[in-house]
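Structure record follows, encoded as C-alpha cells.
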Amino acid sequence: MNPKHGDKKYLEHILECIDLVSVHLAAGGGGKQGFLHNVTVKEAILRTLQVMSESTQRLSPAAKASAPEIEWQDIWDFRNVLAHEYLGDLDLEIVWKVIEQKLPDLQVSIRKILCTAH
C-alpha cells in the first residue's frame, strides 16, 4: 500500500491523539479513577477521542483496506456517541474499555500502516 500524502498526515494524527490520551491520563493520576472523577481530564480525553475518530474518516479507502483488522465503522459510531451523548447519557465505563482495550491495538495497526507505506 502506498497511502496518499493526506493519509500519512491523518495516520500520524491518530497516533498523536492516542499518545495525548496517555498524557491526559497521566495528568489525572494515571488511571481509571482519574478519568472518571477529574472533569478536566475526562473532557480532554473525550474531545481527543472524538477528534481522533474524525481523522479515521478522512483516510482513503485504500488506507482503510490495508488494515482490515481495524473496525473503522465502529470507530465512527463511537465518534457519533461521543459527539451526541454528552448530556449525561455517555457510559464512561464503555469509554474506559475503549481506552484500555482498543486504543493499544489501534496504535499497533496504525504504526503498521505507516511502516508498510515506506
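Each residue takes its place number in the sequence, starting with 1.
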Hey, are the side chains of [X] and [Y] touching, using non-hydrogen atoms and a 4.5 Å cut-off?
| X | Y | result |
| --- | --- | --- |
| Met52 | Arg47 | no |
| Leu15 | Arg111 | yes |
| Thr56 | Ile70 | no |
| Lys42 | Asn38 | no |
| Ile99 | Leu49 | yes |
| Trp76 | Glu54 | yes |

Tell me whether [X] shares a hydrophobic cluster with [Y], the cluster being built from Ile, Leu, Val, Met, Phe, Trp, Tyr side chains joined at under 4.5 Å.
| X | Y | result |
| --- | --- | --- |
| Val51 | Phe35 | no |
| Ile18 | Val23 | no |
| Ile94 | Leu103 | no |

Side chain to side chain contact (heavy atoms under 4.5 Å, CB included) with Leu46: of Leu82, Val21, Val41, only one passes, and it is Leu82
Would you say Lys102 has more than 12 foreign heavy atoms packed within less than 6.0 Å of its NZ?
no
Could you go step by step and tell me if Gln107 and Asp19 meet the side chain to side chain contact (heavy atoms under 4.5 Å, CB included) rule?
CA-CA 9 Å; Gln107 186 175 46; Asp19 288 342; 3.2 Å; yes
List the atom of [X], the atom of [Y], and the distance in Å for their closest heavy-atom pair.
| X | Y | result |
| --- | --- | --- |
| Phe78 | Ser53 | CD2-OG, 4.3 Å |
| Ile113 | Ala67 | CD1-CB, 3.5 Å |
| Thr48 | Cys17 | CG2-O, 3.4 Å |

With salt bridge (charged side-chain N to carboxylate O under 4.0 Å, His left out) as the criterion, how do Glu93 and Lys97 come out once you've worked through the C-alpha distance, each side chain's angles and the decisive distance to 0.1 Å?
CA-CA 6 Å; Glu93 291 293 332; Lys97 284 181 184 175; over 6 Å; no
Does any N or O in the side chain of [X] come within less than 3.5 Å of the main-chain N or O of [Y], such that one atom is a donor and the other an acceptor?
| X | Y | value |
| --- | --- | --- |
| Ser109 | Leu106 | no |
| Asp7 | Leu59 | no |
| Trp72 | Lys64 | yes |

Inter-residue atom distance [X].[atom1] - [Y].[atom2], 0.5 Å rounding:
| X | Y | atom1 | atom2 | answer |
| --- | --- | --- | --- | --- |
| Leu25 | Lys32 | CG | NZ | 12.5 Å |
| Glu16 | Leu20 | CD | CG | 9.0 Å |
| Ile110 | Ile14 | CD1 | CD1 | 4.5 Å |

